[in-house]
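Numbers restart at 1 for each chain; the letters A, B, ... are given by sequence-line order, proteins then strands.
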Protein chains: 2
Amino acid sequence: MTSQPAEPPPRRGRGRPGHDQAAVLRAAVELFNRKGYDATSMGDLAKELGLTKPAIYHHVTGKEQLLGQALDDALDELTAVVTEAFREQAGRSAYERLREVVRRSVEVLVAHQPSVTLLLRVRGNSEVELAALERRRWLDDRLAALVTDAVAEGALRDDVPATLVSRLLFGMVNSLVEWYRPDGAYDRAMVADAVTAIAFDGLARHETRV
Amino acid sequence: MTSQPAEPPPRRGRGRPGHDQAAVLRAAVELFNRKGYDATSMGDLAKELGLTKPAIYHHVTGKEQLLGQALDDALDELTAVVTEAFREQAGRSAYERLREVVRRSVEVLVAHQPSVTLLLRVRGNSEVELAALERRRWLDDRLAALVTDAVAEGALRDDVPATLVSRLLFGMVNSLVEWYRPDGAYDRAMVADAVTAIAFDGLARHETRV
DNA sequence: CCTACCGATCGGTAGG
DNA sequence: CCTACCGATCGGTAGG
């Protein structure tokens with residue numbers, strides 16, 4: 001091994017277009033989602049960016065760092081939604097807070113779809129993935145607690161266990177990442193309305209609603 | 001390709017424990033789900049079975065064949081559910097057929113959870129995966145058509161586009177594979193009831209139901 | 001000659 | 001940012 005100067009500052013006005021770290025991350029996340037993390041090689045990423053493989057390592061320290069940054073992005077956004085529901089909405093009923101969490105979660109899913117998609121596919125194959133799973137578990141526990149509170153208030157049906165309700169509700173919300181496309185037929189607000197309506201009122205036509 | 005005698009009967013009383021093709025497949029699917037297909041090596045599978053890697057090739061022709069068999073299993077089961085809804089239930093309303101499809105889908109998901117989980121994670125990275133995606137798309141189209149019919153009957157709400165309803169409904173159903181465990185707290189019928197109740201009637205408590 | 005394997009290694013490619 | 005490579009490991013197969 002030869003010693004090597006660490007990270008020269010990015011030159012302007014010379015050399016190639018100048019991809020920055022964010023552009024590499026965006027392209028990486030797009031590929032990770034399209035082909036899967038393991039099936040994506042750093043060579044694939046280089047080709048996508050019009051660089052050589054070694055050139056990527058000028059911008060990022062490695063493949064797993066790219067994954068970690070994407071997972072942190074998704075987790076930070078979702079954590080903000082959940083934290084807010086408990087902190088800033090303390091005066092409202094659990095039912096109202098749950099509706100708000102569902103709506104805001106949908107908005108995060110569509111606004112940060114690529115990184116959230118990666119998060120939902122994490123299997124725990126590395127330290128980075130295990131750390132993400134731990135944060136995700138914390139979120140799931142908070143959401144389940146909110147559902148339990150809403151059932152206890154009498155706002156939600158009590159003929160199904162609250163943990164099961166929570167899993168199915170957020171299973172539906174999370175399924176958005178499988179098909180939602182920002183340039184598709186449905187805009188953000190429309191999807192949020194549809195999810196909230198179907199989740200809380202069901203998809204059957206009712207004669208009377210409360 | 002060379003012609004080949006199909007499946008010799010398993011010998012008893014001599015040689016090693018005698019893993020058969022089905023046992024290798026079961027172990028492979030379990031590993032594919034736990035670690036991901038690409039992250040699972042044939043060496044991992046060999047270790048799990050207590051064999052050497054070359055020994056696996058006595059039972060199966062390769063890694064991708066294992067994936068293909070699992071995907072076919074899931075697709076065959078789901079295709080049967082959908083086909084039956086159109087063929088054997090022609091006299092019933094679309095709404096009734098849709099409810100039945102949801103219930104039967106839940107049952108297939110929990111009975112064939114490992115292979116269905118693999119199916120839902122396919123990205124199209126190979127011929128085997130592309131073929132599976134094509135069959136899956138056929139299923140999704142049939143299900144969407146059934147939802148459209150149920151809306152046209154007036155049985156389902158018409159304030160949300162039918163394609164969106166279909167995606168959210170089966171997104172919830174499919175999310176089962178993320179957490180359902182056969183040895184867990186919920187049995188098959190309980191989960192099927194919960195999904196159907198929440199999907200069609202919603203999770204809010206209503207004063208009146210139709 | 002069969003089966004059920006083993007120790008060793010093939011040609012290629014991964015991340016770095 | 002490239003050419004030239006590394007240690008390791010991949011899926012799959014050789015002879016015995």
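- C:dG16 and D:dA4 have their P atoms separated by 22 Å, with the value rounded to a whole Å.
- Between D:dG12 and B:Y57, a contact under 4.0 Å exists linking OP1 or OP2 to a side-chain N or O.
- For the side-chain contact (heavy atoms from CB on, under 4.5 Å) with B:V147, the qualifying choice from B:L164, B:T163, B:L98, B:L168 is B:L98, the only one to do so.
- For the OP1/OP2 pair of C:dC5 and a distance below 4.0 Å, the side-chain nitrogens and oxygens of B:H58 include no atom meeting the criterion.
- The distance from atom NZ of B:K53 to atom P of D:dA8 is 17 Å, rounded to the nearest whole Å.
- Distances shorter than 4.0 Å separate some side-chain N or O of B:T52 from OP1 or OP2 on C:dC6.
- A side-chain donor-acceptor contact under 3.5 Å links A:Q65 and A:T61.
- When the nucleotides D:dG11, C:dC5, D:dC1 are ranked by their closest atom to the side chain of B:K63, D:dG11 comes out on top.
- Put simply, the side chain of B:K63 gets close to the backbone of B:T40: a donor and an acceptor are under 3.5 Å apart.
- The CD-P distance, from B:Q21 to C:dA4, rounds to 13 Å in whole Å.
- Here D:dC1 is the nucleotide among D:dC1, D:dT3, C:dC6 with the atom lying nearest to any side-chain atom of A:L51.
- Within residues 27-42 of chain B, the residues that have a heavy atom under 4.0 Å from DNA chain D are, in order of number, B:T40, B:S41, B:M42.
- Using a distance-only test at 3.5 Å, with no hydrogens or angles considered, no donor-acceptor pair links the side chain of A:K53 to the main chain of A:K47.
- Rounded to a whole Å, the CG atom of B:L45 is 14 Å from the C1' atom of D:dC10.
- Looking at the side chain of B:H59, the nearest of the listed nucleotides D:dC2, C:dC5, D:dT13 is C:dC5.
- One can place CG of B:L66 at 9 Å from P of D:dG12, the figure rounded to the nearest angstrom.
- A donor-acceptor contact closer than 3.5 angstrom links the side chains of A:H112 and A:D73.
- No side-chain N or O of A:T79 forms a donor-acceptor pair with one of A:D76 less than 3.5 Å apart.
- By the 6.0 Å contact criterion, CD on A:E134 is open, its count of non-hydrogen atoms from other residues, nucleotides or ligands being 12 or less.
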